[in-house]
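Have a look at the structure below, then the notes.
Reckoned from all heavy atoms, side chains included, excluding hydrogens, waters and symmetry mates.
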Amino acid sequence: MTELKNDTYLRALLKQPVDYTPVWMMRQAGRYLPEYREVRKDAGDFMSVCRDADLACEVTIQPLRRFKLDAAILFSDILTIPDAMGLGLYFETGEGPKFTNPITCRADIEKIGIPDPEDELGYVMNAVRTIRKELNGEVPLIGFSGSPWTLATYMIEGGSSKAFTKIKKMMFSDPQSLHLLLDKLADSVITYLNGQIAAGAQSVMVFDTWGGVLSPRDYKDFSLQYMAKIVDGLTRHADGRKVPVTLFTKNGGMWLEDIVATGCDAVGLDWTIDIEQAKARVGDKVALQGNMDPSMLYAPLPRIEEEVSKILAGFGHGGTGHVFNLGHGIHPDVKPEHAGHFIESVHRLSKQYHK
């Protein structure tokens, strides 16, 4: 494999010395870029882009042509696993993802199998291989999956939800069936992410978008234990170096120490937790990723820079272990020049913390 020209992101995740704080953005390939909108328009729909390795590669690399980002992230969707399980994923304009065959009972759960990453999910592996080759060692490639709990919410709700009544009904009335589903999903995520690593992903991330809707006890029982299983099952070395694993639970700041205990290398933070306090709680056990409010990118450029400075100062001097990111995905109506100023500010202002 081609040697990495910029491995700052990987070194920061492993708490190794770096010259500056690396930065990438969740959803950095996406609707805020006019060139992405053109590709999607020509392709017809979102999943057509995901399923075409060349198109997925193109939109993965588009933000790197504009900005000096320190990592590329695979262009895909968290719902590829449930789709491969036969639930019939489709996207309703203005309403997000939906399933034609949602999970309604235990019999539905017993029917589904573990998708083969090189068969039902082969298009994702082809995209990883294509992107890794096209990157030519410029920056590392991040692979990802949704967490079992987050995938299950979409599979049982039939799409997006505000109250999560269907999955919580199963959780409280038939927990054994939900655990069966979550266990199958954990096995599927392990197989899927290991497939991505074998295809060329150099770091992987698990997005637990909806873990924060659970109580502390239910979070540990229905979300965290399955992410811990995933961490235990992942390939942790490839291409002669360690493959770092990042876990991200939106609204999960109260469970920081429990997330660290899974054995992950890094924890993603949203904007509802102060990074200085988070660092004080975890010490040097893991790296931290985050955590600017994505809506800050609507602000005037000096205000964006001020916020970057504040977060960098919060993490502070004394070693490494910080990957700068937004606390969630970039909004589609953000001006690209604001994203560019954000990235440039992180690089410029962070150097003083790495002398």
Side-chain angles (χ1 to χ4, degrees), residues 4 6-26 69-74 78 128 132 139-148 150 186 189-190 192-209 211 223-250 252-253 255-270 273 275 278-291 315-316 318-327 350 354:
L4 265 175
N6 174 4
D7 65 351
T8 309
Y9 161 76
L10 295 178
R11 284 189 284 127
L13 284 181
L14 298 173
K15 303 187 302 298
Q16 296 168 357
V18 292
D19 297 328
Y20 62 88
T21 302
V23 57
W24 68 279
M25 297 182 295
M26 290 187 242
L69 292 153
D70 293 290
I73 183 163
L74 164 69
I78 62 168
V128 172
R132 179 70 190 274
V139 293
L141 175 60
I142 306 167
F144 72 92
S145 173
S147 72
T150 291
V189 171
I190 291 167
Y192 183 52
L193 289 180
N194 282 341
Q196 291 183 37
I197 293 165
Q202 291 146 295
S203 169
V204 291
M205 185 162 171
V206 178
F207 287 94
D208 186 31
T209 311
S223 182
L224 190 63
Q225 73 155 316
Y226 294 101
M227 289 198 288
K229 178 180 177 176
I230 291 164
V231 172
D232 286 345
L234 288 177
T235 302
R236 299 298 282 273
H237 284 85
D239 291 346
R241 64 159 74 223
K242 189 168 182 185
V243 180
V245 180
T246 304
L247 300 184
F248 172 70
T249 294
K250 191 180 175 194
W255 305 308
L256 196 49
E257 293 84 354
D258 296 312
I259 298 170
V260 169
T262 62
C264 62
D265 298 290
V267 178
L269 305 174
D270 70 9
I273 181 170
I275 199 164
K279 188 181 177 189
R281 285 167 60 186
V282 305
D284 62 357
K285 291 176 185 169
V286 293
L288 294 175
Q289 177 180 283
N291 66 332
F315 191 87
T320 182
H322 184 202
V323 171
F324 212 115
N325 208 308
L326 305 175
S350 65
H354 298 281

Distance-only donor-acceptor check, side chains T320 and H354, under 3.5 Å: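 No, because no side-chain N or O of T320 sits under 3.5 Å from a partner of the opposite role on H354.
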I'd like to know if the side chain of S223 pairs up with that of D208 as donor and acceptor (distance under 3.5 Å, no hydrogens or angles considered).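 There is such a pair (donor and acceptor under 3.5 Å, judged by atom type) between the side chains of S223 and D208.
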Just wondering, do [Y] and [X] contact through their side chains at under 4.5 Å, heavy atoms?
| X | Y | result |
| --- | --- | --- |
| K250 | D270 | yes |
| V189 | Y226 | no |
| D19 | T8 | no |
| K229 | D232 | no |
| P244 | L10 | yes |
| I73 | W24 | yes |
| Y9 | S203 | yes |
| Q289 | F248 | no |

Where do D7 and Q16 land on the side chain to side chain contact (heavy atoms under 4.5 Å, CB included) test, with the steps shown first? CA-CA 11 Å; D7 65 351; Q16 296 168 357; over 6 Å; no
I need the [X] [atom1] to [Y] [atom2] distance, nearest 0.5 Å.
| X | Y | atom1 | atom2 | value |
| --- | --- | --- | --- | --- |
| D258 | L256 | CG | CG | 9.0 Å |
| N291 | N325 | CG | CG | 9.5 Å |
| R241 | L14 | CZ | CG | 8.0 Å |
| I259 | L269 | CD1 | CG | 8.5 Å |
| I230 | T262 | CD1 | OG1 | 10.0 Å |
| D265 | M205 | CG | CE | 13.0 Å |

Going through the distances and angles, do L326 and M26 end up as a side chain to side chain contact (heavy atoms under 4.5 Å, CB included)? CA-CA 7 Å; L326 305 175; M26 290 187 242; 5.7 Å; no
Taking all non-hydrogen atoms of both residues into account, name the closest pair between [X] and [Y] and its distance.
| X | Y | result |
| --- | --- | --- |
| V323 | A12 | CG2-CB, 4.0 Å |
| P22 | H322 | CD-O, 3.5 Å |
| C264 | V286 | O-CG1, 3.5 Å |
| F144 | F207 | CB-CE1, 3.7 Å |
| V139 | A72 | CG2-N, 3.8 Å |

Under 3.5 Å, side chain of [X] to main-chain N/O of [Y], donor-acceptor pair present?
| X | Y | value |
| --- | --- | --- |
| R132 | A201 | no |
| D239 | Q202 | no |
| N194 | G233 | yes |
| K279 | F315 | yes |

For a side chain to side chain contact (heavy atoms under 4.5 Å, CB included) check, start with the C-alpha distance between V243 and T235, then their side-chain angles and the critical distance, and finish with the verdict. CA-CA 7 Å; V243 180; T235 302; 5.5 Å; no
Side chain to side chain contact (heavy atoms under 4.5 Å, CB included) partner of T150, the single match among I78, V206, T249: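 Per the side chain to side chain contact (heavy atoms under 4.5 Å, CB included) rule, the option paired with T150 is I78, out of I78, V206, T249.
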Other residues, nucleotides and ligands only: do more than 12 of their heavy atoms fall within 6.0 Å of NZ on K285?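 Counting other residues, nucleotides and ligands, NZ of K285 stays at 12 neighbours or fewer.
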